[in-house]
Amino acid sequence: MRYFLLSFLLFLSTGKILSQSLDYARDAVNILASDSLKGRGYVENGDKLAADFIRSEFEKFGLKSYNNSFYQELETSVNTFPDRQSVVINGKELEAGKDYLLDPGSPSLKGTFDVIPVTVDEILDNAKFVNKLRVSSGQLIAVQPFDKSDFTKEQNEQLNGVINFLKYHPQNPSKGTIILTNDKLTWAGSVRQNSNPTIIIHSDSLDGTLKSLKLDIKSSFIEKYTTQNVIGYVEGKNTDSTIVFIAHYDHLGMLGPQATFNGANDNASGTAMLLSLAKHYSENKPNYNTVFIAFGAEELGLIGSKYFTENPLFPLSEIKFLLNFDLAGTGDEGIQVVNGSVYKEKFDELVQINEVRDLLSNIKIRGAACNSDHCMFDQQDVPGFYIYTLGGIQAYHDVYDRPETLPLTEFEDYFKLIVEFISQQ
Ligand SMILES: [Zn+2]
């Protein structure tokens with residue numbers, strides 16, 4: 001009876017904490033992924049606005065900082081698109097982000113150009129391709145849409161090689177490259193500026209034939225941009241070991257004022273998990289020192305986490321376990337655990353808690369993968385998992401990854417799973 005009463009009270013109190021955690025996470029996502037944070041990139045100080053919000057939350061929770069600052073500054077080069085872009089076909093202006101993207105390394109280009117189409121069959125035939133390249137000199141070369149599954153692995157490799165040549169090689173004689181595609185448009189960041197621009201156009205946005213293109217695309221390459229990681233910690237009951245939670249807060253920023261990449265799932269959601277845990281452990285003293293790191297410049301190639309692991313604020317050897325949250329906003333189909341098979345005992349603990357508490361529908365195991373910030377810690381032999389949620393929305397690295405469509409379906413259960421897992425360490 002007493003046991004029953006105790007668990008009933010625990011149930012009530014954790015229920016309250018958890019619904020508060022969902023409300024808090026929702027608010028945090030709405031702020032981090034709002035248009036006013038500019039896609040947390042390098043246009044209009046998006047990264048600094050986001051970092052400032054995280055810092056103020058850390059301060060509010062009473063987290064401690066290293067060296068009297070929650071910031072760890074670092075420098076990177078970055079290609080940015082602060083200005084309005086214009087891509088006009090047959091008198092119709094295309095919409096940035098929805099109809100087209102620019103390769104993130106694109107330089108500026110202005111003018112009206114003929115479009116020289118090149119088919120996949122021509123690309124796969126060296127003599128024909130070389131001839132097409134010659135004809136496209138000073139104009140735009142346009143790779144026609146194709147379905148990867150129609151080609152063998154070797155053919156796909158050859159196609160990729162040619163497309164990479166067109167995009168990145170200074171000896172491409174054309175003024176720029178157009179890639180016509182039937183696939184979803186997916187953007188990225190770039191620390192370089194290429195010699196020629198590439199415009200990726202979704203084939204649904206074309207009416208009629210593409211004979212010429214009127215362009216006014218503008219980019220701005222910044223050689224030395226100062227961005228920052230945001231780092232705070234809570235002292236534990238036991239101070240000889242450290243638990244580390246990480247999430248990148250940066251995203252892709254803007255493709256001119258017309259297209260903001262809000263990055264709700266990637267990774268306002270993971271940052272909200274980081275902040276929710278910071279709030280939780282500031283109110284409930286953890287067993288071990290617990291560090292919260294919001295990394296910058298992940299989308300530029302894990303630059304913030306690379307800098308941190310090269311310039312750690314405490315010995316990395318003290319880390320007992322690390323959890324990386326990147327894409328925490330769904331969970332309809334459970335979660336995927338990168339490094340699950342590397343740290344199989346820890347993975348089994350997670351599964352055990354999940355079964356006993358009946359939280360998520362599925363916990364999938366995966367090996368090592370260098371696809372987010374945990375990778376830099378993997379390389380230093382720091383034990384840890386990268387966890388991402390599965391199912392739900394398909395928006396990713398596009399203008400549709402917005403806060404109003406982010407479900408946060410399993411956020412509470414995911415949060416609960418993490419808190420219980422950490423309490424067993
Ligand atoms: Zn991400």
Side-chain angles (χ1 to χ4, degrees), residues 25 28-29 31-34 37-42 46-47 50-51 53-54 74 76 78 97 101 104 184-191 227-230 244-255 260-277 292-309 322-331 335-339 366 368-378 384-403 405-408 410-411 414 418:
V29 166
I31 292 167
L32 286 161
S34 66
L37 263 65
K38 315 289 178 187
R40 306 187 303 281
Y42 311 94
D47 70 314
F53 169 70
I54 297 161
L74 57 127
T76 180
V78 61
L101 292 174
K184 181 187 106 54
L185 297 180
T186 300
W187 211 33
S190 178
V191 294
T227 187
Q228 56 287 309
N229 298 325
V230 190
V244 178
F245 297 116
I246 68 175
H248 78 87
Y249 69 87
D250 66 302
H251 197 53
L252 304 173
M254 298 168 81
L255 179 51
T260 301
F261 291 74
N262 300 70
N265 197 21
D266 189 8
N267 189 29
S269 67
T271 308
M273 180 61 82
L274 183 84
L275 290 171
S276 300
L277 290 164
F292 304 87
I293 311 178
F295 280 122
E298 190 264 2
E299 301 288 4
L300 294 176
L302 315 182
I303 287 173
S305 52
K306 182 170 191 286
Y307 186 84
F308 178 85
T309 52
L322 174 143
L323 291 173
N324 178 23
F325 309 109
D326 190 357
L327 307 170
T330 68
I335 57 172
Q336 180 89 53
V337 181
V338 170
N339 278 349
R366 193 174 162 180
C370 191
N371 51 359
S372 184
D373 289 319
H374 62 283
C375 174
M376 290 297 148
F377 292 87
D378 284 357
F385 290 149
Y386 161 34
I387 302 178
Y388 55 93
T389 53
L390 299 167
I393 54 156
Q394 297 307 307
Y396 175 71
H397 282 211
D398 56 33
V399 292
Y400 305 104
D401 184 10
R402 295 187 57 87
T405 48
L406 186 74
L408 293 175
E410 291 295 333
F411 194 91
Y414 183 11
I418 298 306

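The shown structure was predicted, so the numbers you read here are calculated from the model rather than taken from an experiment. Scope of the values below: all heavy atoms of this structure, side chains included, with no hydrogens, waters or symmetry mates. Counting convention: from 1, in listed order, for ligands and their atoms alike.
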**OP:** Let me see the working for Phe377 and Thr309 under side-chain contact (heavy atoms from CB on, under 4.5 Å), right down to the final yes or no.
**Re:** CA-CA 7 Å; Phe377 292 87; Thr309 52; 3.8 Å; yes

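Minimum-distance N/O/S atom of Asp266 relative to the Zn ion (ligand 1): OD1. Of all the N, O or S atoms in His248, the one closest to the Zn ion (ligand 1) is NE2. Between the Zn ion (ligand 1) and the N, O or S atoms of Asp326, the shortest distance is to OD1.
The distance from the Zn ion (ligand 1) to the nearest N/O/S atom of Glu298 is not under 2.8 Å.
When only modelled atom types and interatomic distance are considered, Tyr307 and Gln228 share no side-chain donor-acceptor pair under 3.5 Å. A donor-acceptor contact closer than 3.5 angstrom is absent between the side chains of His248 and Asn324.
Expressed to the nearest 0.5 Å, how far CG of Leu327 lies from CG of Asn267 amounts to 6.0 Å.
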